[in-house]
Structures are given as C-alpha cells and as structure tokens.
**Student:** 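I have a structure here, written as structure tokens, and I will follow up with some questions on it.
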Amino acid sequence: MGSVGAKEVPVLLDAEGRRIDGRRLDELRPIQIRAGPLPQADGSAFVEWGANKVMAAVYGPREVHPRHLQQSTKAVIQCRYNMAAFSVDERKRPGLDRRSQEISKVIAEAFESVVFAEEFPRTSIDVYIEVLQANAGTRCAGLVAGSVALADAGIPMVDLLPAVAVGKVAGAIALDLKKEEDNFGEADLPMALVPQSGRLVLLQMEGHMTEPELAKALDLGVEGCKVIYEKMKAALRERYSVRPLAAEAA
Amino acid sequence: MGSVGAKEVPVLLDAEGRRIDGRRLDELRPIQIRAGPLPQADGSAFVEWGANKVMAAVYGPREVHPRHLQQSTKAVIQCRYNMAAFSVDERKRPGLDRRSQEISKVIAEAFESVVFAEEFPRTSIDVYIEVLQANAGTRCAGLVAGSVALADAGIPMVDLLPAVAVGKVAGAIALDLKKEEDNFGEADLPMALVPQSGRLVLLQMEGHMTEPELAKALDLGVEGCKVIYEKMKAALRERYSVRPLAAEAA
Amino acid sequence: MGSVGAKEVPVLLDAEGRRIDGRRLDELRPIQIRAGPLPQADGSAFVEWGANKVMAAVYGPREVHPRHLQQSTKAVIQCRYNMAAFSVDERKRPGLDRRSQEISKVIAEAFESVVFAEEFPRTSIDVYIEVLQANAGTRCAGLVAGSVALADAGIPMVDLLPAVAVGKVAGAIALDLKKEEDNFGEADLPMALVPQSGRLVLLQMEGHMTEPELAKALDLGVEGCKVIYEKMKAALRERYSVRPLAAEAA
Amino acid sequence: MSDEVAAEILQTHILDLAAEGRRLDGRAPDDYRTVTIEPGFVATADGSALVRIGETAALCGVKLEPGKPFPDTPNAGVLTTNAELIPLSSPTFEPGPPQPGAIEVSRVVDRAIRAAETVDLTRLCVTPGEKSWVCYVDIHMLGHDGNLIDAGMLAAVSALSGAVLPAKRFGIAEADYPLDVQHLPVECTFVRLGDTIVVDPTFDEEHAAQGRITVATDESGRVVAMQKGLVGAFSPDDVKAVVRRAFVHGDRLREQVRGARR
Amino acid sequence: MSDEVAAEILQTHILDLAAEGRRLDGRAPDDYRTVTIEPGFVATADGSALVRIGETAALCGVKLEPGKPFPDTPNAGVLTTNAELIPLSSPTFEPGPPQPGAIEVSRVVDRAIRAAETVDLTRLCVTPGEKSWVCYVDIHMLGHDGNLIDAGMLAAVSALSGAVLPAKRFGIAEADYPLDVQHLPVECTFVRLGDTIVVDPTFDEEHAAQGRITVATDESGRVVAMQKGLVGAFSPDDVKAVVRRAFVHGDRLREQVRGARR
Amino acid sequence: MSDEVAAEILQTHILDLAAEGRRLDGRAPDDYRTVTIEPGFVATADGSALVRIGETAALCGVKLEPGKPFPDTPNAGVLTTNAELIPLSSPTFEPGPPQPGAIEVSRVVDRAIRAAETVDLTRLCVTPGEKSWVCYVDIHMLGHDGNLIDAGMLAAVSALSGAVLPAKRFGIAEADYPLDVQHLPVECTFVRLGDTIVVDPTFDEEHAAQGRITVATDESGRVVAMQKGLVGAFSPDDVKAVVRRAFVHGDRLREQVRGARR
C-alpha cells in the first residue's frame, strides 16, 4: 500500500481504463505453471506469473520433525514461505521475517483446509515455497505452486487451490496487481478458492475499500481463480501425459 | 545505584528525616494484593506496590516442557520474571535480558526452597511474573505476587514468602526504596523471608554498606517482611471468603 | 591472506632466507604439549605453539545430546572449536562465528577418520578446543591438542593426528606460518596427517600457489607433521610415566 | 488421551448448540461479550489501556521516543506494533520467541492501524530525514479466552487515543502534547461453527471452529483490513454478510473507545 | 531400519562398481556431468545465474548496494558470500539457521572468490573510508544431487560475470556499468570410492565416499583454494593427482562460464 | 539410576562430615583452598590473569577499545563483564547460549566491580559524549570444582589490576598507560551443609548444599555485593556471621591479588 510521504505516484489507470502494463481491470498477468521440475522432491511446481518466479516442493507424508508436533489422528501440514535474498529490489536478509512467518501460517491453514490429513496420522506433509523473483502477488503464486506440488506428490485433496489478489487502483477494482499497483494502489486483497465448493480458504486484505467495492473485489477474484484453476489442471495434465513418454524413453 | 556522571541528585532525605515521598525510614509504600485475578491460570495474584504493578500466574503441577528437564523425584520449579516493554521509562525491547534471567533464577530458587516439590515428581510448576509498571522493588513485588499465586493454585508450601528491599539513602538505612532512591541511593538489598523459620531464601545486594549498616538493613527488612506477610494472608483470606459466594451465584 | 588495501607489508624474508622471527623456511615454532591438565575432563591437553595457547578437553563416550543425533552403529564425534574473546587483537564477540563452525566441522571429520567409533554405538565423544591466545595456526594447534586429549581419554584410534600449516611467504614455501606471515603471505595450507598411513585427513588451502608449489608444500607439511608427532608421543609418555607416581602418592 | 476425548465432546456440543443458534455461554450468534476499557492503566507508558472482552484481557502500552525516519519515508515518523502472547495469560502459550500466532495478532492489528491512517505519521516527523518520533505499540495479553485480535486492536487504538508525546522531556517542544488520532479502526472477529457464523468467539469456540475471519472497519465506512485464519472456508456471500455485521459491531465498539477517552 | 539396510547395499554397490572403474550413472571416474548455465535468471538481482550439474541446481543472485568499507580496508568494497541449503531442495536439508554443511559451502566458495581476486575490490570503493559498494553473493540451492560446492561456485562466478552496478539508481554515477570480473575461479570436487577417486560426485556417491576433496583453480594456473571434507583420507600423491585433474576440468568449466556470459 | 544413588550417598556423606565440622578434602569449615594467580597469561589481552582455587580455574582477559559512551553517562567509559561456562571445563556445562548459571556469575562479578568503583569510569572518557574506552572483562572458566564466582572475581580484578590502555595503537595518546584500579573487591562464597556453613565450596559440596551465599567486600571495609543462590535458607544471624568471615578471607585474597601484580 501507499507509503507515507513517498515520491511521485505513477499514472496507474489511463483515460481508456488501461493499467500501467496495458491490461484491462479484469485481466490477469501471463502465467506459466510447470509441475514436477524438482526430481528430489515428492512433488514440485514452478510458477512464472507476471514478473514473479516461485518454486514449490512437497515432502511427505514423512516423519514429523520436531517430534512433539506429531498428531495422533492426522498429518501435520507444515509450510515455509521464504523469499530469496535477491528476489526483491533491496536485498533481503536471509531467513524468515515476520511477514514470511505470517504468510507461512495462513498458507498452511489454507492447505490444511483441503488436504485429507486424517489419512496420514503421525506424519508431516511439508510444503516449501521459495520466491526467487518477486513482483506483487507472491503469496498467491506460492499457493498455486504449492497446490500443484501437493497434487504432483499425490497427496489426496478436496480440490486444487487457485489463488489471486484483487486490488484497488486509482479508485477502480482491479485483478492481479503488479508491483507499482501494489505500492501505489489503495488496497490489496489476496484470496484462495476451493473451486468445487466456491469457498475461500485464504483471505486477507489491507488498504481501504467500501462495502460495495469489497463485494465487487470478491466476485472478481473468484472469476480470476477459475481461470487460474484451468491453468493448474493443464499443468498437471501435461505432467502426467509426459510421464509415460519419459518412461518409454528410459 | 548511582550512575557514573549522572545529573543533579535530588534531596533524598530532609532535615526531619522524611524521604522524597514523605515516608519515614522504616515505612513501606502502600500495597494492594489481589489473589486470583486470572481465571485461566491455576493460581494468580496482582500486586500494586507504590507505583509498581505486577501480575503473577502459576500453572501446574503439569507436564514438563522441554521434557529433558523432568526430574524423577520432584517437581521442577520454573520461573519467568519479565518486564513489559512499556513498564519502564525508556522502552525495553521485548524478551528476557540478562537481568531478567538472573532474577528468574534466584526467584525460582527461593520458591523451590519452600515448595514441597517432592509431592509432584515428574511435573513442572511454572511461575510467571510480569512487571507491567516498574518503580524499584519489582523482584520483591514479583516474589509476593508469585507466592500468593502459588498459594492460590493450592501448591503446598512451608510458608508464604514476603519480600522487600532495604536500601541506603543519603547515608541512612531505609525500607522499601522507590525509583529515585534506588537510582541515587548508595545500596539496595532485596530479600525474601520464610516467616515461620525466620530465614531468608532470597538475598541480593549491590552498592556499599558497612558491616553495621548491613546488620541494621537485615533487621529492618525482616520487620518489613512481617508487615507484608499479614497483607498476603489477608489477600488469600479475602479470596477464599469470596469463593463460596461466587459458587452460590453459579 | 593479504587484506585488500592494507598498509605497509613487513619484510617477510631477508636476503639470507631468514623469516621475520629468524626461522628457516622449514623450521617449526617452539611447541610445548602437556597431556592431562584438566582433572574434570576424561582427557585433556594444553598446547603452546609459538604464541598460540590452546586447551582441549574430551568427554565421552557418553550419552548423546541432543538425543536425535544418536547413531545406532557408532559413536558420534562432536567437536567445538572456539576462540576466547580476548584471544585475538580485536576483541571477538563470544560464541561460534561461521569460521569457527567450519573449522569445528573439518576437525570433527578428521577425528572421525581415525577414531574407532563403531566400538561405542549410541554414544557421543565430545572434543572441545578453546583457543586462549591466537597467532596463526590455531586449527592445527587445536587438532594436536584434541588428538592428545583423545589419547589421554583412552579413546581407541588408528593413530595420533599431528597437524601443521604450510604457507607461501614472499614467494617461498614456508613451514608453520606465524601471524604476520599469515596476514601478509600469499597462501596458507593447514593439514593433518595420519602418520601410520601417510594420508591426510584434514586439508584446506586459501591464497594462491602453482601446482609445483603446492606439491612442495604438501611434502614440507608431511615432514613437519612427523616432527610434531614425536612431540605428541613424548607428551603422552610423560603423562603415563607421571601417573603411577601420582597413584603412589595417593 | 482423556483430554482429547473431552475436547472432542466439547467441540461436538458447541457445534450442536450452534446448529440451533445457541452458544455455550448463552449468547446469540451475533452477541458480543461485555467490553470494558480502562485507559491510562500504565503510568510509565505515554498512552495505555487495559481492555477486557469477557475473560480475555489485553494491555497496550504506547511509548514515544525520538529516532530516525526510514530512508524511503524521510517525512514520516515510525510506528511499530508488537503483541506478546506471554505464557502467564494462557496454559497454551509457551515461553520463547514469538510464535506464528503472536506474529499474526501483531501484523493484523498493525495493518489496520496503518491502513486506516489512525495516526498521521507525517505529523511525527521532527526534522525530515533526520529525526522523527518512533511510536511503539506494545500489546501484552493478560488473559486468553478467545478473540485476541479484537482485544489487541481495541487496546491499541484506546492507548493511542490517550497518548501524549513527551516532547518536553526529549527537548523537542516546550510542552508535551497529545498524539493526534485521526481515525478509529476496530477489528471484529467471527468463527464458523457448522452453518452458523458467530461473532467474538471464546477460546473453546475457536478450538471448535471451522474457520475464523476478522474484518477491520473504520468510522468512515471503510474496510481497512481482513484476515481469514484457522482451518476452514467461507463463501464470498459469508464474507459479505460478515462485513455487514463487522460495521455494526464496529460502530458500537468505537463508541466505547470514544467514551473511555480521557 | 530397512532404510539403513538399503543405504548400506547401495554403498557397497557403488564401491564395487568403483573398483572396476565404473559408476552408477554410467560415467567414467573422470567424467563430469552435463553442466548448463542460465545467466540473468533473476531480474530483481544485479547479476544472476542458474547452474545445473545433472540434477543439482544452484541459483545465485548478486546484489550491489552502497555501504561503508571496513575500517581496516578503507579503500576497498565489501563482498560477502552466503549459501542457503533450503529444505525445498533436498529431503536431507532442514529449516532453521544455516547448518555446518551450508556454512562450509559458503566459506569455500567465498575463499576461492576472494583468493582469486575475482572482483577487484578497490574498484568498488566510492569514497575512501566513507562509502563503497557492498556486493552480496547469495546462493540458493534448488536441487541437491551432490557436488554443491562446484555448483555454487559456478553460479557465483557466472552471476558476478554478468553483474551490473546500479550506479544510476543510487546516484553514484550517471549510468550503470558492468562489474569488472578479472579472474575466473572454479571449484572441482572429487570423492574417494575405495582406491578410485571420482570427479563430480552424485548425492549417493557422497554418501558412499571415504573422503571428499575440492580444488579451486583459476585461469592463470593457480590453485586458489582447497578443502578436504567428509570422513576419509588422501595421500599427498592423491592430492597432487587431483589438482592436475582439477585444472583440466576447470579450464573446460571456465569456457562454459565465458560462453554463457551475455 | 546408579548415578543418582551415588550422588545421594555422596551428599549424605558430606552432610554427615559437616555435622562434625569436617570436609571431604580434609579442610575445616573456614579453610579456603590454595589460590594461585598467574597474571599476564594471555598476551593478546590488554590485561589477563589465570586464577586457580584448587581445581577450579578461571581465565580472565581484559580488552580495551575506543567506543561511544552511553547517552545517559556521556562523561564515563563503558565496562562490561561476561563469563563463559564453556563445556570444556565441566561435564555439566553445555554448548550454546549462556545459561542462567553463567549469567549469574557474570552479573554478580559485574556488580561487585561496579559497586566498588574498581575502575574510575570517568577516567575512561576520551571526548565527552563522543568517545570513550570500552573495557571488556571476559572470563573463561577452565575448570569447575566449585566456587566459580570467587574464581571469576579474582581473575577479573587481577586482570584489571595489570591492564594497560593501548592508547598508542588507537592514536589516543603518545604512549600506552596502565589502567587505574582504585579499589580491590573480592567475593567470598559459602554454602550451608546442615548447621555448618563452609567457605569456598567444592563442586560436590555445592551439590550437597542447602543454600549458597556470596559476599563481596572491598579493602575499605565495605560490603559491595551479595548474592544468595541455590535452594536453601540463611537466617539474618547466619548472614551477619558470614559477612564477618568474608572480610577476613577477603583481606587475605586481596593481599594475593596485590602480590601477583606486576
């Protein structure tokens, strides 16, 4: 959101309703999703979304570390969202800051809302999300990558979890903010949808919106998630369809 | 104790032997003790003592965390004395500094000297002391609060632990120093007494006193502890007498 | 190695091929080794080597802490190389920095290469090395001290581990660098030898050397280790020969 | 083991009650517990308030000290929010560095304070790029019976509302003067219990809940922060309904904050 | 338990193969896996490269920021190397502060960069004693199939080779300009498998190994760093032979670094 | 288990002996073990001493460096005391951050140094508010057979007594000069064993003890610090008696410190 006392604000919306990168208000940035790029992981995915690059890996179900977190009736879902030192304009000190810890928590809760954790008592399912290049919307990109990685790992889930942020930019509700829009816009509202049930398992907001704006933002976000959902399924189909070929080649 | 190179020292003792707040040398600041203010704890107490506000809670006997501290023949007494960031003039960084860790240690040892720990092998009795507003003498206020909280939790003990600090101010031995006296005085000697045996289970000193001054300080402190002891018992009596009423109301 | 932009370099080698302290290129600094100085440890050694003072203690085989490091088929060798705050010119903050952690790792691996660890499954053998006064070559001094301490503790080993650093100083390959030589020289190559097999179990290098220089350095280091080996054996002989006397005295 | 069984029985009971629109403590789904605000609780703080929501208690102390503005906002003061879930206040809190739960409370309260522009940070600048006030908002939880975010937020905004800049002590002005609080954000938290969404959950309700959602509103009709937490899901229509309810509760809570000012 | 048995069988098999000069993946003892270098992978970095050695992957991002020179080297910039063995990249890596393995990679790569004078640090000085560039070399491991040191080193030197000083953004010069890389150190790692010493070990070979040795060389025929690791031993003759081989591999790897520059 | 039994038997034995005024090592209750002080043990320190009390050993190194005075004491230097109970010196010490035991030693020694005004800190000021000497007193325990506080204190005061300000190296004066030590505090520690209070406890006596008490005195007849530790209690009369004995031992120990100066 707009920093207090910051310098000149760029023109975020032109007279024709085009955004800073030429998109319409309800238009997503380009997204590429690749399932299975990391051979060492049980499941993995790489997401390029606008100028974001995010890698996710899933390990598990496996033994719980540290042991005292073990639960007798279900798997523990652990999530670590981390930003590489070089992923942002000003170098970030390595290690999880408070923002990363909060995001790790809400992403873990989102995944726990869809994974059939009771099928794997006394185990841990670990989702690692690494932001390699950041340009607003990294937690949503991380959710998408983590969700595809969970599917790639064969973890049973209610559904995939498409995610997107909706924002308010120059007074208008806009889908999928990029960095300048996030920095100088009025609000940011990331969400993750369970397409099957139409319910949200992640929802955060910061900035300011009126009630009608918020309603509009929620509806726009749900539509955005549906588009992303198709791309996620396509990435997994491609992964499975490639596998037999690779097997033949071997 | 007096900081090196500090500014003008206030007049700590007037011609009539009155202290900065009008007290006599052997006079305590006003004390209010309330037992049981925290419903979630097994025992609790709130102490207002001069301009100090200190809350204590007791949990246990309960499972020991971390496990390797468990003792097969008795309960472990763990104590955490902590100062809130806003409890002092200059904001304190959250978390236990070295001073708080030392005080936590000597308070834990004081309580362990009176609790019948062997009645609860393999358990932990945790005493949490939070200083919300500080004005010299917080460890003594914490001991008083913690001791009443232990009694409120029904932990069997040899006796309650009244505590008070004696100091040296403008050359005179004085009971229960307040902040200015502590900052500009010559010595500070906090102690905790087992009234039944007349013995001290906590005793620290910093500053400088001659042998005769020290002897006088010890005697004055013991007398002060006896006064506080009565207030502690009164607080517990009040707590117990209120309980049946509350039970009836339910 | 030479700091970038540092001040005037001293004359490290004179016209007669003498070094800054008068030594020849293949000459060691004086070494004193004492086995068993620490009565509380299972084994110990104190090494004065040039202007280095290094103490080592061994504890074990004993229970492994933390427990999850325990190995079912052999002892874990844990090593902690630490520099005292006052051991160097500019005061060092207490605690292990990254350099100390790296050295602890390679020393532990060196010891693990010669200890018969499989004789003590599920235990830990802990080697503590404290640098009290540093003057280049402390990791080698630590290896020598730790190795004698292991022998003093009666831990079965293939052999003792003599160690020494070879360096390049004013273009020449020189044995056992002292501080000025290390600071202003061109290369430093610490190594630890298993005399029986003639093999190296620790080897590091930083700086720059040509292939022939490196070969020469390796050979010079092996010769240096052999000299140190004799001093280590002598220290242990002295220790054992003293023991019976002490026993008689008791 | 019997603890787990007891917890499960309690959870089932809470959900059964909720299905009939009832709650364990007799409240209706949209009933908020009694809130009390005690401003000025801590004399050593520059502003403070002790807030109770039922048996949940949050103590906030505000400290104001001269410091340096951030390089990218040279004309603004600095505000930082920290919540400590000290082990004194609940058997479920552990000593040690802040856990994710404490960090979440800090950050959600911080976001609302910031997004609502509660404090005009530019007015905390003393010398651009050189010197500005640093405003520490420290929240100490003193009792946990659920709904920590709302309690922390009310304590923070109440403490800020009564805060005084110690300008004289630090030689910045001739006299101390009150901190200017220009907006009054409050958070309002709900949990899902089956098909019922209840406001102001207790500790036990949070443990039985299938999703938690918090909405921060300000007095000008704006939503300034939201946070979904815990395992569970909400439909967009749930969210819209909850936002509506958050404004109603928010306006009432704001009245209390105003009334407690002194 | 069966994991341990399986590991032991695999180890024996690797050693048996090595005794015949063979390896699990069909390589000869002196075969290095296919290396790919993808420079400029991270747009937010001032220089970057993604390096793959088989299924080992290291991503290095270089960031350049104005800072203060160290008091004892007032005329030089500052360079700092950090490797993160993030748990994403291997089931054997754990979250938390850097473990000794990560520290070793950081330090061995750092030593080679420094000893080879890869970057002329005096050219990173802006105002002596006052202001200089700080060059952060951050290595993020993205896949661990052995030989992390070589991968990290290649990523670092490739990222440095393509780095641009953001002098304009920080108002230090009129335009950005490339970082001057004057030497090209590369590391080459070997492990002992019985009497055979193989180059570029895989994860499984490292676990079967009886000693690891790394030799860093530069393009001018200098050895600039060495590191023996793991449990095991090498004779001086082993070391000399390994140094020879390190130069051969090093020259080839340097060609790849040069070829990848853009 | 047998360890615990053995410990209990030893404890009983120590208490039985004490009841007869005897001790395990043959000392009388008021006998202090042999103390040796070796000043100048560490050449890299600006002052140092290795102190042994029986088989307890404490090495103190003092380092003096230019730094900044604290804002509230602009005319004074800074002194900081740190004791490290390194795992080398006892099977009971663990690696890692300082435990409460180490912190207690640091703080009790620090209090005595400070309260006795051992070093006149105003003489460590170079430029008021700008520059002053920082005096680091680092104590490294090298052997733990009980009574760490006394050993640490003796090492600290001996190291300070021989310390030299490296004024020339830091360009603060033309020549180095000795640190001015104006008072000589020493600590004297006792433990209760039943009705007997013994001085200078060993490790085993500390484990059998029912309370520990330390009294720091200086050469001018002042008590400058006290600390009761461990589980156990002392009557006010016990304390008075112990203070008396602390002065007697203190005067003798001070003679040793003076004698060791060079």
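Predicted model, so just to flag it, every value in this text is computed and none were measured. Below, chains carry the letters A, B, ... as their sequence lines are ordered, and counting in each starts from 1.
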**Student:** Do the side-chain N and O atoms of A:Glu130 and E:His140 include a donor-acceptor pair separated by under 3.5 angstrom?
**Tutor:** yes
**Student:** Side chain, backbone, both or neither: which part of A:Glu90 has an atom under 4.5 Å from a heavy atom of chain E?
**Tutor:** both
**Student:** Would a 4.5 Å heavy-atom cut-off, applied to side chains only, mark E:Val42 and A:Lys53 as touching?
**Tutor:** no
**Student:** What part of E:Asp46 is in contact with chain A, defined as an atom under 4.5 angstrom from a non-hydrogen atom: side chain, backbone, both or neither?
**Tutor:** neither
**Student:** Of all of A:Pro94, A:Ala134, A:Gly95, A:Ala41, which one pairs up most often with chain E through heavy atoms under 4.5 Å apart?
**Tutor:** A:Pro94
**Student:** Measure A:Leu38 against the heavy atoms of chain E and call it side chain, backbone, both or neither at under 4.5 Å.
**Tutor:** side chain
**Student:** Any sub-3.5 Å donor-acceptor pair from E:Thr44's side-chain atoms to A:Phe86's backbone N or O?
**Tutor:** yes
**Student:** Please flag which part of E:Asn82 lies under 4.5 Å from any non-hydrogen atom of chain A: side chain, backbone, both or neither.
**Tutor:** side chain
**Student:** I'd like to know if E:Asp138 and A:Arg91 make a salt bridge, using a cut-off of under 4.0 Å between side-chain N and carboxylate O.
**Tutor:** yes
**Student:** Side chains of A:His65 and E:Glu94, heavy atoms from C-beta outward: is any pair under 4.5 Å?
**Tutor:** no
**Student:** Considering only heavy atoms, which portion of E:Ser48 lies under 4.5 Å from any heavy atom of chain A: side chain, backbone, both, or neither?
**Tutor:** neither
**Student:** Quick check against the 3.5 Å criterion: does A:Tyr59 have a side-chain atom that pairs as donor or acceptor with the backbone of E:Leu88?
**Tutor:** yes
**Student:** Could you tell me whether the side chain of E:Ser89 reaches within less than 4.5 Å of the side chain of A:Tyr128, counting heavy atoms only?
**Tutor:** no
**Student:** Say whether, by atom type as modelled, one donor and one acceptor occur between the side chain of E:Lys63 and the main chain of A:Ser87 under 3.5 angstrom.
**Tutor:** no
**Student:** Given that the side chain runs from C-beta out, which part of E:Leu142 has a heavy atom under 4.5 Å from chain A: side chain, backbone, both or neither?
**Tutor:** both
**Student:** Hey, does the side chain of A:Gln40 reach the backbone of E:Ser90 with a donor-acceptor pair shorter than 3.5 angstrom?
**Tutor:** no
**Student:** Does any backbone or side-chain atom of E:Glu84 lie under 4.5 Å from a heavy atom of chain A? Answer side chain, backbone, both or neither.
**Tutor:** side chain
